J.: 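Once you've had a glance at the structure underneath, I'll fire off some questions.
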Amino acid sequence: MPTPPPTRAEVVVVGAGVIGLTTAVVLSSAGWRTEVWTADDPAETPSARAAAVWTPTPHAPLQTSLTWAARSLQEFCGLSRVPDSGVTLAEGLTLTASDTSGHLPALTRLSPDLRDAARDELPAGFTAGLRYRLPLIDMDRYVPWLLQRLDTTGGRLRQQRVATLAEPLAAAPVVVNASGLGARDLTPDPTVRPVFSQYVVTDNPGLDRVVVDTTDSRRWVSVVPHRDRVHLGGVRVTGRDDERPDRELASDVLRRCRELEPALVDARVRRIDAGLLPSRPTMRLEIENLAAGRVVHAYGHASGGVTASWGAAHAVAALVGVPPGP
Ligand SMILES: Cc1cc2nc3c(=O)[nH]c(=O)nc-3n(C[C@H](O)[C@H](O)[C@H](O)COP(=O)(O)OP(=O)(O)OC[C@H]3O[C@@H](n4cnc5c(N)ncnc54)[C@H](O)[C@@H]3O)c2cc1C
């Protein structure tokens, strides 16, 4: 018997970063025949190099940022009970220059079990801080888990760079543009700008708590432990369009993190993870109806793509389901 032709996709998601993959999982789970087209291997995207912590920091529009972070928190808390998802709930300590209690932004107040740190919980030399719990997302395990979810729900992945959105629109009536920094050329959108971000990755000497030092607001550092390794971060350079690791900045971060967590002094440095964040004045979530079909734009999540991911994915799915306009 002749093999039937492959069924046409109903949605093509361009991009296999955390935004594209999460959106594809949500769409595929809801019954849409979904394909993901990506220029890069999903294990090689900036998302795959994320530290990655659910971090309630504001991105414009603020109310959207709040709603999406809350939705993701709910999903990640559920995933922390799913074996192999790579998601765990960890203790967190943010060191602050002064006592912040009483005037915390709504986003910060989303953090589970948030309270002021007691004096004896602060490292030497620090006078104020916040304690909370938060989801930690080990991208080395989470990206494969998302791909597995996509596969089990019937979604397909295809490694293909697209030059224009007309290409995926020829394959499906709806296209989700989750191309991150790629949206600069693909949309095209000149308001998308790169922000260089970098983390030093070391062996884990037994740490299980996230520590963030914000006492110098221009040079914060963070210690993010996963099962076998620790990500030490704090580097952001706006407009730097070069993914090569910066060794000078890495030495400074390593020194400051070792002061914060002395157990790191003998930890072997494994690598430096650097990537370009897709920054934009506002995160874009918008329908564009073209003659060839509908595009839902979903990019510009800057340093908060993991934090926004589940909220953004459900918001995109709601737009994909909207009947076509006039
Ligand atoms: C070092 C580092 C640490 C981070 N830590 C955190 C953290 O702790 N918490 C947090 O919330 N966020 C964190 N982030 C930020 C987060 O990773 C980003 O917000 C997120 O990666 C954005 O995801 P994205 O899916 O939009 O884009 P990307 O991950 O950049 O993926 C873009 C996708 O689009 C594809 N693409 C682009 N152009 C084309 C084209 N023309 N054709 C086909 N495919 C195309 C690419 O191949 C890729 O698959 C971190 C990022 C870095 C780099």
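Positions are given from 1, in the same order as the sequence printed here. What you see below is based on every heavy atom in this structure, not just the backbone, and it leaves out hydrogens, waters and symmetry mates. Just so it is clear, the model here is predicted, and its values are computed rather than measured. Just follow the structure's listing: the first ligand is 1, and inside any ligand the first atom is 1.
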J.: What do you reckon, does Val14 put a non-hydrogen atom under 4.0 Å from ligand 1?
T.: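 A heavy atom of Val14 does come that close to ligand 1.
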
J.: Could you establish whether Tyr199 and ligand 1 come within less than 4.0 Å of each other, counting only heavy atoms on the residue side?
T.: yes

J.: Given Ala302, Gly304, Pro278, identify the one with the heavy atom nearest to atom 19 (O) of ligand 1.
T.: Ala302

J.: So for ligand 1, is Leu277 a polar contact partner (N or O within less than 3.5 Å, distance only)?
T.: no

J.: Do Arg115 and Glu121 sit within salt-bridge range, that is, some charged N less than 4.0 Å from a carboxylate O?
T.: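 Glu121 and Arg115: salt-bridged.
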
J.: For the aromatic rings, using the six-membered ring if either is Trp, is the centroid distance between His231 and His226 under 6.0 Å?
T.: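 Here the rings of His226 and His231 have centres that are less than 6.0 Å from each other.
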
J.: Taking Asp203 first and then Arg270, would you say they form a salt bridge - that is, a charged N and a carboxylate O separated by under 4.0 Å?
T.: yes

J.: If the contact criterion is a heavy-atom separation under 4.0 Å, does Gln160 count as touching ligand 1?
T.: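 Within the 4.0 Å threshold, so yes.
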
J.: Can an N or O of Val53 be found at a distance shorter than 3.5 Å from an N or O of ligand 1?
T.: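 Yes: some nitrogen or oxygen of Val53 is under 3.5 Å from one in ligand 1.
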
J.: Report the member of Ala50, Pro194, Gly15, Ser72 with the shortest heavy-atom distance to atom 14 (N) of ligand 1.
T.: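 Of the listed residues, Ala50 has the closest heavy atom.
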
J.: Which option, Ser47, Ser303, Pro46, owns the non-hydrogen atom nearest atom 21 (O) of ligand 1?
T.: Ser47

J.: Taking CG in Asp228 as the centre, count heavy atoms belonging to other residues, nucleotides or ligands within less than 6.0 Å. Is the count above 12?
T.: yes

J.: Suppose I only count heavy atoms of Ser197 and a 4.0 Å limit; which atoms of ligand 1 are within that range?
T.: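 In order of numbering, the contacting atoms are 1 (C), 2 (C).
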
J.: On a heavy-atom basis, I'd like to know which of Pro168, Ser179, Pro42 is closest to atom 37 (C) of ligand 1.
T.: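 Ranked by closest heavy atom to atom 37 (C) of ligand 1, first place is Ser179.
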
J.: Check this for me, if you would: do Glu288 and Arg294 make a salt bridge, where the nitrogen-to-carboxylate-oxygen distance has to be below 4.0 angstrom?
T.: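 Result for this pair is no, no salt bridge flagged.
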
J.: Based purely on interatomic distance, does Gly305 place a nitrogen or oxygen under 3.5 Å from a nitrogen or oxygen of ligand 1?
T.: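 Gly305 vs ligand 1: N/O contact under 3.5 Å present.
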
J.: Below 3.5 angstrom, do we get any N/O pair linking Arg49 and ligand 1?
T.: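 Such a contact does not occur with ligand 1.
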
J.: Is Glu35 salt-bridged to Arg158, cutoff N-O under 4.0 Å?
T.: yes

J.: Examine Thr38 against ligand 1 and note whether any of their N/O atoms are separated by less than 3.5 Å.
T.: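 Yes - when backbone and side-chain N and O of Thr38 are compared with those of ligand 1, one distance drops under 3.5 Å.
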
J.: Any cation-pi pair here, Arg71 with Trp310, using under 6.0 Å and within 45°?
T.: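 No, Arg71 and Trp310 do not form such a contact.
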
J.: Test your reading of the structure: does Ala274 have an N or O sitting under 3.5 Å from an N or O of ligand 1?
T.: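 Between Ala274 and ligand 1, no N or O pair is found under 3.5 Å apart.
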
